[in-house]
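Okay, structure first, notes after.
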Amino acid sequence: MALLLVVSAVGMVVDDRVLLGAPVWGKPLKFAVSFIVYGLTLAWLLTLPHKAPRWTWWVATLFVVTGVVDVGIVVIQAARGTFSHFNEANDPFNDIIQSIFSMGVQGLLLANLVLAAILVFQRIGDRATAWAIRAGMALVIAGIGLGLLIPLRSEAVWTVKDAAGHSIPLNAQHNVGVPDGGPGLPLTGWSTVGGDLRIPHFAGLHGLQIMLAVALLLRFLAARVTRLHDERTRVALVIVAAVGYSGLLALVTWQALRGQSLIHPDGLTLGVLALLIAATTAAGWAVLAAAARREPRSLTAVSPG
């Protein structure tokens, strides 16, 4: 994936072909970055002492193999100047590509489900880290499920042009309220004029990194902040962060399904976001206040006489 990142970056510069207004090498680059982040997180996670390490090694190997196959297909289709996802073009090569791609997606889903089943029911590291892993893996599964909304909510095949100008039928759209291929954010390409279901998909898939970052930050601060010395406090704060992030994931999903751009929220979306931030902040302060009440009170020594 690191090599693909370099190749894709070069492709972005030297290859001016586009698909739906986006550079053909944009998708391989985004997949490379995403798999680098997730792969490094998973590799680090599996170095921690845990039960059934042989099982997790094999499941992680399945993740690697299916990930390389799937991203490899994204690269092949980018090089051909056509679509990797939802491509219904009636030619033998594309039929084979799509069959392999589908099996790879199922392999990735299976690998993540099995890893989640193995890891969420055991304690890995300290309690705060263990809860971060549980919440993070649950968010990953939610992100995968939200990605399935893209084909499930699509009702008809639509036809677009590939980089060579050929008409290609696609059986799904990730945008809501506007056609795919309109104005988008830099790098991500997320729609700036309508809803985009890739946003909750992305947010869920990388929830594991967010949760682990929270746990590691709390561990770092515990050496400096007295109220964080108690492991129970750090666990509670991880749970608060997980609930808050889950609420954010639900919010961006709701926003996308309403056909609303991430960067152009209406008053209702902003109101719900404000309530979510307020509730999460209040819960965090409540946890810290409870920690303060548990702190042993220092006694002042009084010398006799």
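This structure is a prediction, so every number in the text was calculated from the model and none was measured.
One N or O on the side chain of Glu231 and one on the backbone of Arg127 form a donor-acceptor pair closer than 3.5 Å. Here the side chain of Asp180 pairs a donor or acceptor atom with the backbone of Asn175 at under 3.5 angstrom. The backbone N or O of Lys30 sits nowhere less than 3.5 Å from a side-chain atom of Ser34 that would complete a donor-acceptor pair. Checked by atom type and distance alone, the side chain of Tyr245 never pairs as donor or acceptor with a backbone atom of Val240 at under 3.5 Å. For Gln255 (side chain) and Ser261 (main-chain N/O), a donor-acceptor pair under 3.5 Å exists by modelled atom type. Of the possible polar contacts, none joining the Arg134 side chain to the Thr129 backbone as a donor-acceptor pair under 3.5 Å is found. No donor-acceptor pair closer than 3.5 Å links the side chain of His174 to the backbone N or O of Asp196. Of the possible donor and acceptor atoms, one in the side chain of Asp70 sits under 3.5 Å from a partner among the backbone N and O of Val105. Checked by atom type and distance alone, the side chain of Asp15 never pairs as donor or acceptor with a backbone atom of Gly11 at under 3.5 Å. Within the 3.5 Å criterion, the main-chain N or O of Ile277 finds no donor-acceptor partner in the side chain of Thr280.
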From CA spacing to verdict: side chain to side chain contact (heavy atoms under 4.5 Å, CB included), Phe63, Phe35: CA-CA 10 Å; Phe63 172 83; Phe35 271 82; 4.0 Å; yes

From CA spacing to verdict: side chain to side chain contact (heavy atoms under 4.5 Å, CB included), Phe86, Ile150: CA-CA 10 Å; Phe86 315 123; Ile150 297 173; 3.7 Å; yes

Working for side chain to side chain contact (heavy atoms under 4.5 Å, CB included), residues Leu248 and Leu273: CA-CA 8 Å; Leu248 181 63; Leu273 177 61; 4.3 Å; yes

Side chain to side chain contact (heavy atoms under 4.5 Å, CB included) between Val160 and Leu20, intermediate numbers included: CA-CA 8 Å; Val160 294; Leu20 292 177; 3.9 Å; yes

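Ring geometry, Phe101 versus His85: the interplanar angle exceeds 60°, so the pair is classed perpendicular (tilted spans 30 to 60°). Using a 30° and 60° split on the angle between ring planes, Phe202 and Trp190 fall in the perpendicular class, above 60°.
With hydrophobic clusters built from ILVMFWY side chains whose heavy atoms lie under 4.5 angstrom apart, Phe83 does not share a cluster with Leu197. Leu48 and Trp57 fall into different hydrophobic clusters, defined by Ile, Leu, Val, Met, Phe, Trp and Tyr side-chain heavy atoms under 4.5 Å apart, directly or through other members. By the criterion of side-chain heavy atoms lying less than 4.5 angstrom apart, applied directly or through intervening Ile, Leu, Val, Met, Phe, Trp or Tyr residues, Val69 is grouped together with Leu62 in one hydrophobic cluster. Residues Phe220 and Val287 share a single hydrophobic cluster, defined by chaining ILVMFWY side chains whose heavy atoms lie under 4.5 Å apart. Under a hydrophobic-cluster definition in which Ile, Leu, Val, Met, Phe, Trp and Tyr are linked whenever side-chain heavy atoms come within less than 4.5 Å, directly or via other members, Leu217 and Leu208 are assigned to different clusters.
Residues Arg227 and Arg234 are not in side-chain contact: their nearest non-hydrogen atoms beyond the backbone lie 4.5 Å or more apart. Between Lys161 and Ile168 the shortest side-chain heavy-atom distance does not fall below 4.5 Å. In this structure, the side chains of Leu146 and Leu149 come closer than 4.5 Å at one or more pairs of heavy atoms. Under the 4.5 Å side-chain criterion, counting only non-hydrogen atoms from C-beta, Val75 is in contact with Trp25. Side-chain atoms of Asp230 and Arg294, non-hydrogen and from C-beta on, do get closer than 4.5 Å to each other.
Atom CG of Leu288 and atom CZ of Arg293 lie 11.0 Å apart (nearest 0.5 Å). Atom CD of residue Gln77 and atom CG of residue Leu19 lie 10.0 Å apart, to the nearest 0.5 angstrom. Here the CG atom belonging to Leu46 is positioned 5.0 Å from the OG1 atom belonging to Thr56, to the nearest 0.5 angstrom. Expressed to the nearest 0.5 Å, how far OG1 of Thr281 lies from CG of Leu276 amounts to 9.0 Å. Rounding to the nearest 0.5 Å places OG of Ser99 at 9.0 Å from CG of Asn94. Gln98 contributes atom CD, which lies 9.5 Å from atom CG of Asp91 (distance to the nearest 0.5 angstrom).
Every residue two or more places apart in sequence or in another chain was checked for a side-chain hydrogen bond (donor to acceptor under 3.5 Å, both in side chains) with Trp131, and none qualifies.
Each of Leu218, Val243, Ile133 was compared with Val238 under the side chain to side chain contact (heavy atoms under 4.5 Å, CB included) criterion, and only Leu218 meets it.
A donor and an acceptor atom, one from each side chain of Thr188 and Arg198, are nowhere located under 3.5 Å apart. In this structure, a donor-acceptor pair under 3.5 Å is absent between the side chains of His206 and Thr41.
Taking every heavy atom of both residues into account, Ser167 and Thr159 meet most closely at CB-CG2, 3.7 Å. Listed here is the closest heavy atom pair of Asp95 and Ala89: OD1-O, 3.8 Å.
Under a cutoff of 6.0 Å and an axis angle of 45°, Arg54 and Trp58 do not form a cation-pi pair.
Residue-environment remark: CG (Leu187) stays at or below the threshold of 12 foreign heavy atoms within 6.0 Å.
A salt bridge links Arg258 to Asp266: at least one charged side-chain nitrogen sits closer than 4.0 Å to a carboxylate oxygen.
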